[in-house]
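A short write-up of the structure that comes next.
When reading the values below, keep in mind they use all heavy atoms of this one structure, side chains included, and skip hydrogens, waters and symmetry mates. In this text, all values refer to a predicted model and were calculated from it rather than measured experimentally. Quick note on labels: first sequence line is chain A, next is B, and so on, each numbered from 1.
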Amino acid sequence: MFVASEKRSLDAIFDTFLKSPTIFRNRDVLRPTYVPDELPHREEHITRLGMILSSALRGAAPSNVFIYGKTGTGKTAAAKYVLKHLSEKTKSSEVSIPALKTAYVNCRVVDTNYRVLANLCKEVGLEVPFTGLPTDEVYRRFVEETSDKNVLIIIVLDEVDMLVKKDGDDVLYDLTRINTSLKRGRVSLVGISNDLKFKDYLDPRVVSSLSEEEVVFPPYTAPELQDILRQRASAGFREGVLDDGVINLCAALAAREHGDARRALDLLRVAGESCERAGEQKVSEKHVRTAQNCIEFDTVTETLRTLPLQSKLVLYSIYLLEIHGEEEAITGSVFDVYTELCAQLGLDLLTQRRVGDLVNELDMLGIINAKVESKGRYGRTKKIKLSVPSNQVREVLGEDEALKNVSNYVPKGSRQSS
DNA sequence: AATCCACAGGAAGCCCGGGAAC
DNA sequence: GTTCCCGGGCTTCCTGTGGATT
């Protein structure tokens, strides 16, 4: 299995890797999750946020804040930055003020009312089971735990729109009114959302109390992105390893996608990695281009690979229609092919209703593009197209053992109709 | 103007595996 | 043990609908 020559060549790879001087000084600085000591072009927003939250230093509960802005505009970083400095300040403060606790919840990960509350309980040192209790009970315990303590809790609900879309605004409603049930403890909320229309789904009472204050984060412009990249690059890369155009190109590419700093940083980091892997000493625009393809390809592959089996089957049906059918795939034909595949593999058949939902999920993931279209007398349906390369779909789905038996399947008659 | 296709997509509720409380 | 709750995947039943055709 493991031949000596292979071992030697692997050794050689490791050796060259160790010997060649790394171009990175500190790779972590280039990750989007890193919060630097300074956030360029967000001074205004940070000041604003700081002013709102500063009443914590006088022992009063700050107003609830709502932060809007698209992905990668620095919302989360700014919020974390301000909270970090705020809690440092409260510790060194001479005035006696309530203890400050901050709880950060990412509602994309923690996406049900129950789990948000369970998370908050954990933050105040209360263990609750991850299921089993009524939601009200978890809320009650949280109130009980915090009510008598002289503590101010600032709760950050990141991507809160995800929670509301999925599970309604009950928890938000409870949390905005929680202070009326607390004797000494106080709670302030910081909501973060990248959906500007998000307020429409909310109970008006929640809107008014949640957005007592609002801060909007505009997208970064290309020059601003350049500044951010330069700042991180100087800490992340060793001096002189970046070609001139590299930062500008990363910034330009990311600016094209609604000024996403996260994207820009990923590009820069991955460009560095691909340069390093090639054993080169200077990161050039070529590496940035490679990085762009690489990021795109990797995220798609990972998404495809982790799809549940039924979704894979639906996607595979769409793929088959795309390569064999003369016409565009529509819901009905996808369902037909999917039915054939299930019969072939001896799998349980889902209803068309459910398959429709799976199609929508694939659409949301950006793997396919589904558009409702009316063909007049011939009904209303969805036209479905792949929006990732078809050979990538074949490759990744082909890895799945469960789909091996249909790897060469051809849908019955390329369903020709009038 | 009326009809009618081929679905879209909402609502309600089932079932299951997790667990808590009594 | 019984009875309750939660969450996710799913089905059943249903009403709604854009626009070519009649």
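Rounded to whole Å, atom P of C:dG18 lies 17 Å from atom NZ of A:Lys375. Rounded to whole Å, atom P of C:dT11 lies 9 Å from atom CG of A:Asp348. Rounded to whole angstrom, the span from the CG atom of A:Asp357 across to the P atom of C:dC10 amounts to 10 Å. The nearest whole Å value for the distance from the CZ atom in A:Phe130 to the C1' atom in B:dA20 is 12 Å. Residue A:Phe335 contributes atom CZ, which lies 15 Å from atom P of B:dA6 at whole-angstrom precision. In this structure, the CG atom of A:Asp363 is 10 Å from the P atom of B:dG9, given to the nearest Å. Here B:dG18 presents its C1' atom at 12 Å from CG of A:Leu133, a figure rounded to the nearest Å. Rounded to an integer number of Å, the gap from A:Asp136 CG to C:dC6 P is 7 Å.
Of the inter-residue distances, the one linking A:Leu117 atom CG with A:Leu175 atom CG reads 6.0 Å to the nearest 0.5 angstrom.
Residue contacts for A:Thr131: at a heavy-atom cut-off of 4.0 Å it reaches a base atom on one of the strands shown.
Ion pairing between A:Arg141 and A:Glu144 fails under the 4.0 Å rule for side-chain N and carboxylate O. Taking the charged nitrogens against the carboxylate oxygens, A:Arg184 and A:Asp148 have no contact shorter than 4.0 Å, which rules out a salt bridge.
Out of B:dA20, C:dC10, C:dG16, the shortest distance to the side chain of A:Leu350 is found at C:dC10. Comparing C:dG7, C:dC6, B:dA21 by their closest approach to the side chain of A:Arg141 singles out B:dA21. Closest approach to the A:Arg353 side chain among B:dG10, C:dC5, C:dG8 is made by B:dG10 (side chain taken as heavy atoms from C-beta onward). Of the candidates C:dA20, B:dC7, C:dC10, the closest approach to any side-chain atom of A:Thr381 belongs to B:dC7. Residue A:Asp111 places its side chain closer to C:dG8 than to any other of C:dG8, C:dC6, B:dC7.
Using a 4.5 Å heavy-atom cutoff, the side chains of A:His45 and A:Leu49 are not in contact. Counting only heavy atoms from C-beta outward, the side chains of A:Val138 and A:Tyr114 approach each other to under 4.5 Å.
With the nearest nucleotide of DNA chain B identified for both A:Arg377 and A:Lys382, A:Arg377 has the one nearer the 5' end.
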